[in-house]
Protein chains: 2
Amino acid sequence: MREAKRKRLVSKGWKIGSAKDFLGLSPEESAFIEMKLELAESLRTHRERQNLTQVELAKLVKSSQSRVAKMEAGDPTVSMDLLVRSLLALGASKRKVVKIISPAKRSSAT
Amino acid sequence: MREAKRKRLVSKGWKIGSAKDFLGLSPEESAFIEMKLELAESLRTHRERQNLTQVELAKLVKSSQSRVAKMEAGDPTVSMDLLVRSLLALGASKRKVVKIISPAKRSSAT
DNA sequence: GGAATATATGTCAGAATGGACATAGACGCA
DNA sequence: TGCGTCTATGTCCATTCTGACATATATTCC
(Lines give C-alpha, C1' and ligand atoms only; values in the text may rest on other atoms or scores of the structure.)
Protein backbone atom coordinates (compact mmCIF):
# COMPACT_ATOMS: atom_id res chain seq x y z
CA MET A 1 0.00 0.00 0.00
CA ARG A 2 2.99 2.22 0.60
CA GLU A 3 4.10 1.93 -2.97
CA ALA A 4 0.75 2.82 -4.45
CA LYS A 5 0.53 5.81 -2.20
CA ARG A 6 3.93 7.00 -3.26
CA LYS A 7 3.08 6.71 -6.90
CA ARG A 8 -0.05 8.69 -6.40
CA LEU A 9 1.76 11.43 -4.59
CA VAL A 10 4.44 11.46 -7.18
CA SER A 11 2.03 11.76 -10.02
CA LYS A 12 0.23 14.57 -8.31
CA GLY A 13 3.35 16.42 -7.29
CA TRP A 14 4.88 16.66 -10.71
CA LYS A 15 3.42 18.31 -13.70
CA ILE A 16 2.37 16.20 -16.59
CA GLY A 17 5.15 16.05 -19.09
CA SER A 18 7.93 15.77 -16.57
CA ALA A 19 7.23 12.17 -15.72
CA LYS A 20 10.63 11.25 -17.06
CA ASP A 21 12.09 12.76 -13.95
CA PHE A 22 10.25 10.51 -11.52
CA LEU A 23 12.93 9.20 -9.32
CA GLY A 24 13.39 5.56 -8.71
CA LEU A 25 11.18 4.45 -11.55
CA SER A 26 12.44 2.43 -14.46
CA PRO A 27 11.99 3.99 -17.89
CA GLU A 28 9.18 1.58 -18.65
CA GLU A 29 7.42 2.40 -15.45
CA SER A 30 7.62 6.13 -16.06
CA ALA A 31 6.51 5.73 -19.63
CA PHE A 32 3.51 3.80 -18.44
CA ILE A 33 2.61 6.33 -15.77
CA GLU A 34 3.08 9.12 -18.25
CA MET A 35 0.60 7.50 -20.58
CA LYS A 36 -1.93 7.13 -17.85
CA LEU A 37 -1.53 10.73 -16.77
CA GLU A 38 -2.02 11.91 -20.30
CA LEU A 39 -5.15 9.82 -20.64
CA ALA A 40 -6.37 11.19 -17.33
CA GLU A 41 -5.84 14.77 -18.30
CA SER A 42 -7.44 14.22 -21.65
CA LEU A 43 -10.44 12.61 -20.06
CA ARG A 44 -11.07 15.74 -18.07
CA THR A 45 -10.62 17.91 -21.12
CA HIS A 46 -13.03 15.84 -23.14
CA ARG A 47 -15.59 15.78 -20.39
CA GLU A 48 -15.46 19.50 -19.80
CA ARG A 49 -15.55 20.26 -23.47
CA GLN A 50 -18.86 18.42 -23.61
CA ASN A 51 -20.12 20.20 -20.52
CA LEU A 52 -20.66 17.05 -18.59
CA THR A 53 -20.35 16.72 -14.83
CA GLN A 54 -18.48 13.85 -13.29
CA VAL A 55 -21.82 12.40 -12.29
CA GLU A 56 -23.04 12.45 -15.86
CA LEU A 57 -19.89 10.88 -17.20
CA ALA A 58 -20.11 8.26 -14.48
CA LYS A 59 -23.58 7.37 -15.64
CA LEU A 60 -22.40 7.22 -19.23
CA VAL A 61 -19.68 4.73 -18.46
CA LYS A 62 -21.69 2.94 -15.78
CA SER A 63 -19.36 3.94 -13.02
CA SER A 64 -19.51 6.35 -10.12
CA GLN A 65 -18.62 9.98 -9.55
CA SER A 66 -15.85 9.04 -7.18
CA ARG A 67 -14.22 6.78 -9.69
CA VAL A 68 -14.41 9.42 -12.36
CA ALA A 69 -12.73 11.83 -9.97
CA LYS A 70 -10.03 9.28 -9.36
CA MET A 71 -9.58 8.70 -13.06
CA GLU A 72 -9.02 12.37 -13.65
CA ALA A 73 -6.75 12.64 -10.64
CA GLY A 74 -4.47 9.97 -12.00
CA ASP A 75 -5.13 7.74 -9.04
CA PRO A 76 -3.06 4.58 -9.29
CA THR A 77 -6.03 2.38 -8.52
CA VAL A 78 -7.41 3.27 -11.93
CA SER A 79 -6.42 1.03 -14.79
CA MET A 80 -5.50 2.04 -18.27
CA ASP A 81 -8.38 -0.09 -19.46
CA LEU A 82 -10.88 2.05 -17.62
CA LEU A 83 -9.32 5.27 -18.84
CA VAL A 84 -9.36 4.17 -22.45
CA ARG A 85 -12.87 2.77 -22.21
CA SER A 86 -14.08 6.04 -20.76
CA LEU A 87 -12.46 8.10 -23.43
CA LEU A 88 -14.02 5.92 -26.08
CA ALA A 89 -17.36 6.29 -24.36
CA LEU A 90 -16.93 10.03 -24.56
CA GLY A 91 -16.76 9.65 -28.28
CA ALA A 92 -13.04 9.79 -28.75
CA SER A 93 -12.07 7.75 -31.77
CA LYS A 94 -9.37 5.15 -31.57
CA ARG A 95 -7.19 7.50 -33.53
CA LYS A 96 -7.79 10.19 -30.96
CA VAL A 97 -6.93 7.99 -28.05
CA VAL A 98 -3.75 7.14 -29.81
CA LYS A 99 -2.88 10.79 -30.20
CA ILE A 100 -3.47 11.42 -26.56
CA ILE A 101 -0.72 9.14 -25.45
CA SER A 102 1.52 10.04 -28.30
CA PRO A 103 4.69 11.87 -27.28
CA ALA A 104 4.66 15.62 -26.84
CA LYS A 105 3.19 17.02 -30.01
CA ARG A 106 5.33 20.10 -30.50
CA SER A 107 4.03 20.61 -33.97
CA SER A 108 1.84 18.39 -36.09
CA ALA A 109 3.66 15.27 -37.16
CA THR A 110 3.05 11.96 -35.41
CA MET B 1 -18.60 -16.01 -17.78
CA ARG B 2 -20.40 -16.89 -20.93
CA GLU B 3 -19.77 -13.43 -22.26
CA ALA B 4 -16.03 -13.60 -21.78
CA LYS B 5 -15.96 -16.89 -23.58
CA ARG B 6 -17.84 -15.48 -26.48
CA LYS B 7 -15.54 -12.53 -26.80
CA ARG B 8 -12.56 -14.77 -26.83
CA LEU B 9 -14.01 -16.95 -29.51
CA VAL B 10 -15.00 -13.94 -31.48
CA SER B 11 -11.59 -12.41 -31.33
CA LYS B 12 -9.99 -15.62 -32.40
CA GLY B 13 -12.42 -16.32 -35.17
CA TRP B 14 -12.05 -13.03 -36.93
CA LYS B 15 -8.93 -11.62 -38.41
CA ILE B 16 -7.41 -8.58 -36.86
CA GLY B 17 -8.63 -5.55 -38.65
CA SER B 18 -12.16 -6.72 -39.05
CA ALA B 19 -13.13 -6.08 -35.48
CA LYS B 20 -15.64 -3.54 -36.66
CA ASP B 21 -17.78 -6.38 -37.81
CA PHE B 22 -18.07 -8.04 -34.44
CA LEU B 23 -21.73 -8.51 -33.98
CA GLY B 24 -23.50 -7.22 -30.98
CA LEU B 25 -20.69 -5.02 -29.81
CA SER B 26 -20.96 -1.29 -29.48
CA PRO B 27 -18.48 0.76 -31.48
CA GLU B 28 -16.57 1.60 -28.32
CA GLU B 29 -16.38 -2.01 -27.33
CA SER B 30 -15.08 -3.07 -30.72
CA ALA B 31 -12.59 -0.24 -30.80
CA PHE B 32 -11.30 -1.34 -27.44
CA ILE B 33 -11.01 -4.97 -28.44
CA GLU B 34 -9.35 -3.99 -31.67
CA MET B 35 -6.73 -2.09 -29.76
CA LYS B 36 -6.04 -4.99 -27.52
CA LEU B 37 -5.73 -7.38 -30.43
CA GLU B 38 -3.28 -5.09 -32.13
CA LEU B 39 -1.22 -4.87 -29.00
CA ALA B 40 -1.35 -8.64 -28.68
CA GLU B 41 -0.20 -9.25 -32.20
CA SER B 42 2.54 -6.72 -31.87
CA LEU B 43 3.74 -8.26 -28.66
CA ARG B 44 4.33 -11.53 -30.44
CA THR B 45 6.09 -9.79 -33.28
CA HIS B 46 8.38 -7.94 -30.93
CA ARG B 47 9.15 -11.02 -28.92
CA GLU B 48 9.95 -13.15 -31.93
CA ARG B 49 12.03 -10.43 -33.48
CA GLN B 50 14.20 -10.52 -30.40
CA ASN B 51 14.34 -14.30 -30.44
CA LEU B 52 12.84 -14.66 -27.04
CA THR B 53 10.72 -17.58 -25.93
CA GLN B 54 7.52 -17.01 -24.01
CA VAL B 55 9.31 -18.24 -20.93
CA GLU B 56 12.01 -15.65 -21.33
CA LEU B 57 9.58 -12.84 -21.88
CA ALA B 58 7.63 -14.02 -18.89
CA LYS B 59 10.72 -13.72 -16.75
CA LEU B 60 11.40 -10.29 -18.15
CA VAL B 61 8.00 -8.98 -17.17
CA LYS B 62 7.80 -11.06 -14.00
CA SER B 63 4.89 -13.10 -15.24
CA SER B 64 4.43 -16.66 -16.42
CA GLN B 65 4.60 -18.47 -19.71
CA SER B 66 0.91 -19.17 -19.64
CA ARG B 67 0.05 -15.54 -19.22
CA VAL B 68 2.32 -14.54 -22.04
CA ALA B 69 0.60 -17.10 -24.23
CA LYS B 70 -2.74 -15.62 -23.25
CA MET B 71 -1.54 -12.12 -23.96
CA GLU B 72 -0.53 -13.10 -27.45
CA ALA B 73 -3.72 -15.04 -27.96
CA GLY B 74 -5.82 -12.00 -27.21
CA ASP B 75 -7.40 -13.67 -24.24
CA PRO B 76 -10.02 -11.40 -22.68
CA THR B 77 -8.67 -11.98 -19.21
CA VAL B 78 -5.60 -9.99 -20.15
CA SER B 79 -5.73 -6.30 -19.43
CA MET B 80 -4.52 -3.52 -21.64
CA ASP B 81 -2.27 -2.49 -18.79
CA LEU B 82 -0.40 -5.76 -18.94
CA LEU B 83 -0.11 -5.66 -22.70
CA VAL B 84 1.29 -2.16 -22.71
CA ARG B 85 3.61 -2.84 -19.82
CA SER B 86 4.97 -5.89 -21.59
CA LEU B 87 5.56 -4.04 -24.80
CA LEU B 88 7.40 -1.34 -22.92
CA ALA B 89 9.44 -4.00 -21.18
CA LEU B 90 10.39 -5.35 -24.57
CA GLY B 91 11.88 -2.01 -25.29
CA ALA B 92 9.12 -0.50 -27.32
CA SER B 93 9.10 3.22 -26.84
CA LYS B 94 5.95 5.06 -25.96
CA ARG B 95 5.92 6.34 -29.49
CA LYS B 96 6.06 2.80 -30.76
CA VAL B 97 3.20 1.62 -28.60
CA VAL B 98 1.20 4.46 -29.94
CA LYS B 99 1.89 3.42 -33.48
CA ILE B 100 0.84 -0.09 -32.76
CA ILE B 101 -2.70 0.83 -31.96
CA SER B 102 -2.84 3.56 -34.48
CA PRO B 103 -5.23 2.67 -37.28
CA ALA B 104 -3.04 4.26 -39.93
CA LYS B 105 -1.76 1.77 -42.46
CA ARG B 106 -2.24 -1.79 -43.49
CA SER B 107 1.16 -3.03 -42.40
CA SER B 108 1.91 -5.09 -39.34
CA ALA B 109 2.76 -2.66 -36.67
CA THR B 110 6.27 -2.49 -35.38
C1' DG C 1 9.76 -44.29 -30.83
C1' DG C 2 11.38 -40.98 -27.15
C1' DA C 3 13.52 -36.78 -25.24
C1' DA C 4 13.83 -31.89 -25.44
C1' DT C 5 11.89 -27.52 -26.38
C1' DA C 6 8.14 -24.23 -27.29
C1' DT C 7 3.42 -22.94 -27.10
C1' DA C 8 -1.66 -23.48 -25.72
C1' DT C 9 -5.39 -24.00 -22.37
C1' DG C 10 -7.74 -24.73 -17.94
C1' DT C 11 -7.96 -23.85 -13.02
C1' DC C 12 -7.52 -21.43 -8.72
C1' DA C 13 -6.01 -18.61 -4.63
C1' DG C 14 -4.56 -14.15 -3.90
C1' DA C 15 -3.86 -9.45 -5.55
C1' DA C 16 -5.54 -5.49 -7.96
C1' DT C 17 -9.28 -2.87 -9.47
C1' DG C 18 -14.19 -1.75 -9.60
C1' DG C 19 -18.72 0.55 -8.07
C1' DA C 20 -21.04 2.37 -4.32
C1' DC C 21 -21.43 5.05 -0.39
C1' DA C 22 -20.22 8.62 3.03
C1' DT C 23 -18.35 12.78 3.71
C1' DA C 24 -15.68 16.91 3.11
C1' DG C 25 -14.26 20.93 0.45
C1' DA C 26 -14.99 24.49 -2.96
C1' DC C 27 -17.61 27.72 -5.52
C1' DG C 28 -21.49 30.59 -6.70
C1' DC C 29 -25.80 32.77 -5.45
C1' DA C 30 -29.68 34.72 -2.92
C1' DT D 1 -25.30 33.16 6.34
C1' DG D 2 -27.32 28.84 4.29
C1' DC D 3 -28.33 26.15 -0.03
C1' DG D 4 -27.33 23.83 -4.20
C1' DT D 5 -24.00 21.92 -7.27
C1' DC D 6 -19.70 19.94 -8.42
C1' DT D 7 -15.45 17.64 -7.20
C1' DA D 8 -12.11 15.14 -3.95
C1' DT D 9 -10.94 11.44 -0.89
C1' DG D 10 -11.41 7.45 2.02
C1' DT D 11 -13.40 2.96 2.89
C1' DC D 12 -15.86 -1.36 1.96
C1' DC D 13 -17.01 -5.42 -0.42
C1' DA D 14 -17.54 -7.62 -5.03
C1' DT D 15 -15.64 -8.50 -9.38
C1' DT D 16 -11.79 -8.98 -12.34
C1' DC D 17 -7.09 -9.96 -13.31
C1' DT D 18 -2.74 -12.23 -12.31
C1' DG D 19 0.93 -15.60 -11.50
C1' DA D 20 1.59 -20.22 -10.79
C1' DC D 21 0.81 -24.77 -11.72
C1' DA D 22 -0.73 -28.82 -14.32
C1' DT D 23 -1.35 -30.67 -18.52
C1' DA D 24 -1.93 -31.03 -23.51
C1' DT D 25 -0.28 -30.26 -28.13
C1' DA D 26 3.10 -29.43 -31.53
C1' DT D 27 7.86 -29.61 -33.55
C1' DT D 28 12.63 -31.04 -33.91
C1' DC D 29 16.38 -33.96 -33.22
C1' DC D 30 18.48 -38.45 -32.05
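On a predicted model such as this, the values are computed, not experimentally measured, just so you know. The sequence lines fix the lettering, A, B, ..., with proteins before strands; numbering per chain opens at 1. The analysis underlying the following values was restricted to heavy atoms, covering all of them including side chains, and did not include hydrogens, waters or symmetry mates.
Between the side chain of B:Lys36 and the backbone N or O of B:Val78, at least one donor-acceptor pair lies under 3.5 Å. B:Ser63 places no side-chain N or O within donor-acceptor distance of the main-chain N or O of B:Lys59, the cut-off being under 3.5 Å. No donor-acceptor distance shorter than 3.5 angstrom exists from the side chain of A:Glu28 to the backbone of B:Arg85, with no hydrogens or angles considered. Remark: side-chain polar atoms of B:Asp81 are paired, donor with acceptor, to backbone N or O of A:Met80 under 3.5 angstrom. The backbone N or O of A:Leu82 sits less than 3.5 Å from a side-chain atom of A:Ser86, completing a donor-acceptor pair.
In this structure, CG of B:Leu82 is placed 12 Å from C1' of C:dA16, rounded to the nearest angstrom. Here D:dT16 presents its C1' atom at 17 Å from CE of B:Met80, a figure rounded to the nearest Å. Across the protein-nucleic acid pair, B:Arg85 atom CZ and D:dG19 atom C1' stand 14 Å apart, rounded to whole Å. Regarding B:Asp75, its CG atom lies at a distance of 17 Å from the P atom of C:dT7, rounded to whole Å.
A close approach under 4.0 Å does occur between a side-chain nitrogen or oxygen of B:Ser79 and OP1 or OP2 of D:dT18.
Axis angle between the ends of the helix from C:dG1-D:dC30 to C:dA30-D:dT1, five pairs each and rounded to 10 degrees, works out to 30°.
Shown for residues 47-59 of chain A: residues whose heavy atoms fall under 4.0 angstrom of DNA chain D, namely A:Arg47, A:Thr53, A:Gln54.
Between A:Leu43 and A:Leu57 the shortest side-chain heavy-atom distance falls below 4.5 Å. Using a 4.5 Å heavy-atom threshold, the side chains of A:Thr45 and A:Arg49 count as touching.
A salt bridge is defined here as a Lys NZ or Arg NE, NH1 or NH2 lying under 4.0 Å from an Asp or Glu carboxylate O, and B:Arg47 with B:Glu56 fails to meet this definition.
Between B:Ala69 and A:Asp81, the one whose closest nucleotide on DNA chain C sits nearer the 5' end is B:Ala69.
In this view, B:Ser66 and B:Ser64 satisfy the side chain to side chain donor-acceptor pair (under 3.5 Å) rule, not counting sequence neighbours. Residues forming a side chain to side chain donor-acceptor pair (under 3.5 Å) with A:Arg67 (at least two apart in sequence, or on another chain): none. Partners of A:Ala69 under the side-chain contact (heavy atoms from CB on, under 4.5 Å) rule, at least two apart in sequence or in another chain, are A:Gln54, A:Gln65.
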N/O-N/O pairs, protein side and nucleotides 20-22 of chain C side, under 3.5 Å:
from	atom 1	to	atom 2	distance (Å)
C:dA20	OP2	A:Ser63	O	3.1
C:dA20	N7	A:Ser64	OG	3.3
C:dA20	N7	A:Ser66	OG	3.4
C:dC21	N4	A:Ser66	OG	2.6

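Note on A:Val68: nothing from the nucleic acid sits closer than 4.0 angstrom, heavy atoms only.
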